Number of protein chains: 2
Amino acid sequence: MNKQDVKKLVQVVEAYCTKEGMRFTDPRRHVLEIVAASDKPIGAYDILARLGERLDNPKPPTAYRAIEFFEQHGFMHRIESLNAYVICYADHRHEGSQFMICDVCGKAIETHLCHLPADLMARTRAEGFVVSGWSAEIHGRCRDCLNP
Amino acid sequence: MNKQDVKKLVQVVEAYCTKEGMRFTDPRRHVLEIVAASDKPIGAYDILARLGERLDNPKPPTAYRAIEFFEQHGFMHRIESLNAYVICYADHRHEGSQFMICDVCGKAIETHLCHLPADLMARTRAEGFVVSGWSAEIHGRCRDCLNP
DNA sequence: TCAAAACTGCTATAATATAACACTCCCAAA
DNA sequence: TTTGGGAGTGTTATATTATAGCAGTTTTGA
């Protein structure tokens with residue numbers, strides 16, 4: 001995400017926080033900017049390292065708290081298979097997240113499906129299973145890494 | 001999995017190892033039995049603890065190596081959102097794994113879809129992304145935990 | 001203006017996972 | 001039959017990821 005887009009995102013999130021009566025504090029702003037500026041999913045301790053360039057010797061909970069906050073409000077997703085975090089551009093909360101993750105360059109492309117794919121939905125129905133959230137992580141090679 | 005089924009699984013895996021020229025060693029057998037006997041996904045350190053009832057003071061690598069071995073050969077899956085491992089009953093290697101995970105009782109039900117759901121497949125095509133593996137983890141409540 | 005809620009900073013520690021190295025076991029080729 | 005190599009183990013140490021708990025600060029709203 002370029003600087004311009006990061007700025008916009010910060011504005012959107014700040015507006016959201018104000019509207020919802022939540023605080024858009026310094027550590028939160030920094031973490032948001034750091035994750036947004038990264039061109040690929042970024043781990044908590046890498047976030048923390050970058051945070052160290054902006055705050056005085058921050059500790060893990062500072063990063064994790066901000067991450068948790070943004071996850072809860074739908075502005076970030078955790079990518080389980082990477083232990084890493086990415087910005088979610090969708091301006092809505094959704095129960096599911098899905099990513100194509102390139103194992104060569106490490107970039108993750110989010111596919112904003114709104115519903116659980118039919119095949120899987122059918123299985124949950126058959127099992128009498130009630131879905132509260134889901135995620136799909138697809139590994140492979142992205143176009144750029146296939147045609148170098 | 002009951003004792004009878006664990007026994008069968010062990011036989012199947014042992015036969016597979018022999019056929020493929022791999023060793024079905026003591027630590028491997030124990031780890032397989034422990035994971036198979038668990039009624040829900042089990043973490044590496046819980047496996048290790050159980051292993052301690054069968055071997056003399058085993059260390060983390062002993063558990064992790066066996067887990068890695070079984071993952072590679074398609075007899076176990078890792079559930080990323082739980083940091084835990086389960087037996088895969090399918091007698092084939094597959095590129096994808098999918099689970100319904102009950103957040104109440106912790107059990108995981110595998111759905112053995114052989115192909116990436118069409119919606120997701122369409123997205124990978126559109127992106128020129130070549131899939132090497134994928135997983136879906138669906139959280140919610142299982143039938144038993146809905147009708148107690 | 002003050003109480004409550006939200007948030008931060010910090011210490012400590014939990015939980016998960018792997019690197020590296022010496023040693024053993026087993027098979028198969030000489 | 002020995003011997004050499006690959007597969008596997010045992011062990012130490014350490015890396016990586018994540019959270020509990022508590023004291024103090026900021027914000028808000030009654």
Side-chain angles (χ1 to χ4, degrees), chain A residues 13-14 16-32 34-35 38 40-73 75-86 106 137, chain B residues 13-14 16-32 34-35 38 40-73 75-86 106 137:
Chain A
V13 173
E14 183 156 23
Y16 173 90
C17 287
T18 303
K19 196 179 121 215
E20 299 292 321
M22 289 163 316
R23 283 148 72 183
F24 191 59
T25 58
D26 237 46
R28 285 180 182 169
R29 185 168 49 76
H30 288 307
V31 168
L32 184 68
I34 288 164
V35 178
S38 174
K40 58 185 98 166
I42 180 171
Y45 279 76
D46 288 339
I47 293 171
L48 189 59
R50 303 254 176 122
L51 206 49
E53 299 163 3
R54 300 159 172 243
L55 297 175
D56 179 29
N57 193 24
K59 307 289 189 266
T62 299
Y64 279 106
R65 280 170 184 158
I67 291 165
E68 187 185 29
F69 175 83
F70 292 122
E71 274 194 279
Q72 281 171 352
H73 295 283
F75 295 111
M76 279 184 199
H77 292 301
R78 172 178 167 81
I79 298 191
E80 297 285 356
S81 60
L82 301 177
N83 294 343
Y85 305 87
V86 282
E137 299 183 7
Chain B
V13 174
E14 184 157 23
Y16 173 90
C17 286
T18 303
K19 198 180 120 214
E20 300 291 322
M22 288 164 317
R23 283 148 73 184
F24 191 59
T25 58
D26 237 45
R28 286 179 183 170
R29 186 170 46 77
H30 288 306
V31 168
L32 184 67
I34 288 165
V35 177
S38 173
K40 58 185 96 167
I42 181 171
Y45 280 75
D46 288 340
I47 293 171
L48 189 59
R50 303 254 176 124
L51 206 49
E53 298 162 4
R54 299 158 172 246
L55 297 175
D56 179 30
N57 191 23
K59 308 286 189 268
T62 299
Y64 280 107
R65 280 170 185 157
I67 292 166
E68 186 185 28
F69 174 83
F70 291 121
E71 275 194 277
Q72 282 171 353
H73 295 284
F75 295 111
M76 280 186 199
H77 292 301
R78 172 179 167 80
I79 297 192
E80 296 285 355
S81 59
L82 301 177
N83 294 342
Y85 306 86
V86 283
E137 299 183 8

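Given the structure is predicted, the values throughout are model-derived calculations rather than measurements. Lettering follows sequence order; numbering is per chain, from 1.
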Closer to the 5' end of DNA chain D via nearest nucleotide, is it B:R23 or A:P61? B:R23
Rounded interatomic separation in angstrom, taking [atom1] from [X] and [atom2] from [N]:
X: A:F70; N: C:dC7; atom1: CZ; atom2: P; result: 11 Å
X: A:E68; N: C:dA6; atom1: CD; atom2: P; result: 14 Å
X: A:H30; N: C:dT8; atom1: NE2; atom2: P; result: 11 Å
X: A:R54; N: C:dG9; atom1: CZ; atom2: P; result: 15 Å
X: A:E20; N: C:dC7; atom1: CD; atom2: P; result: 12 Å
X: B:F69; N: C:dT18; atom1: CZ; atom2: C1'; result: 19 Å
X: B:I47; N: C:dT16; atom1: CD1; atom2: C1'; result: 12 Å
X: B:L48; N: C:dA14; atom1: CG; atom2: P; result: 16 Å

Spacing of NZ belonging to B:K40 relative to CD1 belonging to B:I79, to within rounding of 0.5 Å: 12.5 Å
Quick one: CD1 on A:I34 to OH on A:Y85, what's the gap to the nearest 0.5 Å? 14.5 Å
Using a cut-off of strictly less than 4.0 Å, decide whether A:R28 has a side-chain nitrogen or oxygen near OP1 or OP2 of C:dC7. yes
Verify the contact: side-chain N or O of B:Y64 to OP1 or OP2 of C:dA17, cut-off strictly under 4.0 Å; return yes or no. yes
Min and max contacting nt of DNA chain D in 5' to 3' order, chain A heavy atoms within under 4.0 angstrom, are D:dT17 to D:dT27
Is any side-chain heavy atom of [X] less than 4.5 Å from a side-chain heavy atom of [Y]?
X: A:R29; Y: A:V13; result: no
X: A:R78; Y: A:N83; result: yes
X: A:L32; Y: A:F24; result: yes

B:F75: ring-ring contact (aromatic ring centres under 6.0 Å, His included) partners, not counting sequence neighbours: B:Y16
Listed partners of A:Y64 passing ring-ring contact (aromatic ring centres under 6.0 Å, His included), at least two apart: none
Could you tell me whether the side chain of B:R28 and the main chain of B:R23 form a donor-acceptor pair under 3.5 Å? yes
Heavy-atom donor-acceptor pair, A:E137 side chain to A:E80 backbone, under 3.5 Å: yes
Could you pull out every donor-acceptor pair under 3.5 Å between side chains of residues 42-58 of chain B and any protein atom, sequence neighbours left out?
from	atom 1	to	atom 2	distance (Å)
B:R54	NH1	B:H30	ND1	2.9
B:R54	NH1	B:E33	OE1	2.8

For residues 75-86 of chain B, which residues have at least one heavy atom under 4.0 Å from DNA chain C? B:R78, B:N83, B:Y85
Worked check of side-chain contact (heavy atoms from CB on, under 4.5 Å) between A:F69 and A:V31: CA-CA 11 Å; A:F69 175 83; A:V31 168; over 6 Å; no
Taking the nucleotide of DNA chain C with the nearest heavy atom to each, does B:P60 or A:R65 sit closer to the 5' end? A:R65
Quick one, A:H73 with A:M22, criterion side-chain contact (heavy atoms from CB on, under 4.5 Å). Give me CA distance, side-chain angles, the key distance, then yes/no. CA-CA 11 Å; A:H73 295 283; A:M22 289 163 316; 3.1 Å; yes
Stems involving DNA chain D, each a run of at least 3 consecutive Watson-Crick or G-U pairs under 3.5 Å: C:1-30 with D:1-30
